[in-house]
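Lettering follows sequence order; numbering is per chain, from 1.
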Protein chains: 2
Amino acid sequence: MILSTKGRYGLKAMFELGLQYGKGPIPLKVIAERQTIPENYLEQLIAILRKAGLVKSVRGAQGGYLMLRPPEEVTVGQVLLALEGPMAPAECVTDSESPKCKLASGCVTRGVWEKISHSIHDVIDTMTLQHMIEEQISTIEKE
Amino acid sequence: MILSTKGRYGLKAMFELGLQYGKGPIPLKVIAERQTIPENYLEQLIAILRKAGLVKSVRGAQGGYLMLRPPEEVTVGQVLLALEGPMAPAECVTDSESPKCKLASGCVTRGVWEKISHSIHDVIDTMTLQHMIEEQISTIEKE
DNA sequence: TTTAATCTTGACAAATTTAGTAGGGTATTC
DNA sequence: GAATACCCTACTAAATTTGTCAAGATTAAA
């Protein structure tokens with residue numbers, strides 16, 4: 001159940017944007033280099049994040065990308081939702097209406113999926129980019 | 001991040017085997033019908049579960065499959081691990097040795113993956129097939 | 001105003017995974 | 001020996017993943 005590179009690369013990119021918050025745009029090339037992500041591929045990922053309203057772009061020389069909101073207000077869950085789709089083990093426990101599964105009462109696994117989904121969301125909807133940044137700082141200090 | 005049908009079908013099949021525990025073998029055909037799973041496909045899935053030591057088979061007429069251990073001793077995590085691989089969002093937080101990721105200290109996302117992984121395992125390593133059966137019974141009673 | 005940096009879009013594609021289907025072989029029981 | 005049921009392998013269509021590549025649009029700065 002490993003996430004795809006979309007989510008993994010995307011969250012790393014958002015971390016870099018979070019570090020840079022308030023300091024003007026940062027070019028994609030720099031993010032790609034720092035996190036070792038193929039630049040052309042990252043382009044596609046950040047387009048998704050832009051459409052999701054998480055980042056905006058500044059064109060032209062000295063341009064780049066920047067976060068719309070401060071890192072305290074952006075959760076890991078928002079980033080992963082945009083890139084990976086709903087972070088739930090089955091469709092029937094997704095927020096979106098799921099009229100497909102009419103076995104609601106007959107389904108023997110639904111309870112399991114609900115519990116997994118809740119436990120994941122407890123983490124990702126609570127954790128923000130700011131938390132990631134702070135954790136990173138304390139890790140470096142210990143070295 | 002929806003699970004594949006492997007895990008979803010497989011857990012449903014294990015539930016049926018759990019219900020039947022102690023009552024002799026149950027043919028695959030019956031499981032497939034009850035849970036609406038393509039029989040030939042389920043054959044492949046149960047082969048995986050057999051190799052993982054979760055079920056055993058009895059060949060010939062009146063044969064079928066049965067669980068090796070009582071449903072109280074089989075966790076959802078064991079089933080999903082066999083069918084879906086490690087239930088973690090990234091390789092680096094898998095139990096198996098992961099020498100690939102040497103960025104352990106430099107990786108900015110590892111902390112996130114660890115937390116997600118822990119929260120998932122809190123659920124799936126605790127929940128057994130017996131729990132699923134009990135939950136199902138109480139659901140039916142309420143109707 | 002030219003140039004260079006940068007974003008934007010869309011096409012292409014190899015590799016892998018998913019979700020099966022199909023069919024022949026083997027063991028057991030009645 | 002016929003019926004039942006597991007066992008194994010091969011095949012495949014479709015989707016997803018993980019990129020690459022090229023052309024063009026936009027803007028800042030010299």
Contacts under 3.5 angstrom, residues 45-66 of chain A side chains, donor-acceptor by atom type, not counting sequence neighbours:
none

How close or far is atom [atom2] of [N] from atom [atom1] of [X], stated in whole angstroms?
X      : N       : atom1 : atom2 : result
I48(B) : dT17(C) : CD1   : P     : 13 Å
L28(B) : dT21(C) : CG    : P     : 14 Å
L66(A) : dT6(C)  : CG    : C1'   : 13 Å
L42(A) : dC7(C)  : CG    : C1'   : 12 Å
I2(A)  : dT17(C) : CD1   : C1'   : 15 Å
Q44(A) : dC7(C)  : CD    : C1'   : 14 Å
L45(A) : dT8(C)  : CG    : P     : 14 Å
E39(A) : dC7(C)  : CD    : C1'   : 11 Å

- If each of R50(B) and G63(A) is mapped to the nucleotide of DNA chain D with the nearest heavy atom, which maps nearer the 5' terminus, i.e. the 5' end? R50(B)

- Query: Should K6(B) be listed as having a side-chain N or O under 4.0 Å from OP1 or OP2 of dA19(C)?
  - Reply: no

- Distance check: side-chain N/O of S57(A) vs OP1/OP2 of dT8(C), anything under 4.0 Å? yes

Under 3.5 Å, side-chain donor or acceptor atoms of residues 23-31 of chain A against the rest of the protein: list the pairs with distances, not counting sequence neighbours.
none

Restricting to salt bridge (Lys or Arg N to Asp or Glu O under 4.0 Å), what partner residues turn up for [X], sequence neighbours left out?
X       : value
E114(B) : R110(B)
K115(A) : E135(B)
E134(A) : none
E84(B)  : none

- Note on the structure: The first and last nucleotides of DNA chain D lying within contact of chain B, meaning any atom under 4.0 Å from one of its heavy atoms, run from dT4(D) to dA10(D)

- With the sugar-phosphate defined as primed atoms, P, OP1 and OP2, and the base as all remaining atoms, what B/S/- string results for nucleotides 23-30 of chain C, 5' to 3', for protein heavy atoms under 4.0 Å? B-BBBBS-

- Could you list the residues that satisfy side-chain hydrogen bond (donor to acceptor under 3.5 Å, both in side chains) with T126(A), not counting sequence neighbours? none

- Message: Donor-acceptor pair, distance only, cut-off 3.5 Å: does the side chain of T109(B) make one with the backbone of V112(B)?
- Response: no

- Item | Any donor-acceptor N/O pair, T5(B) side chain to R8(B) backbone, under 3.5 Å | no

- Just call it for R8(B): base, sugar-phosphate, or nothing, with non-hydrogen atoms closer than 4.0 Å on any strand. nothing

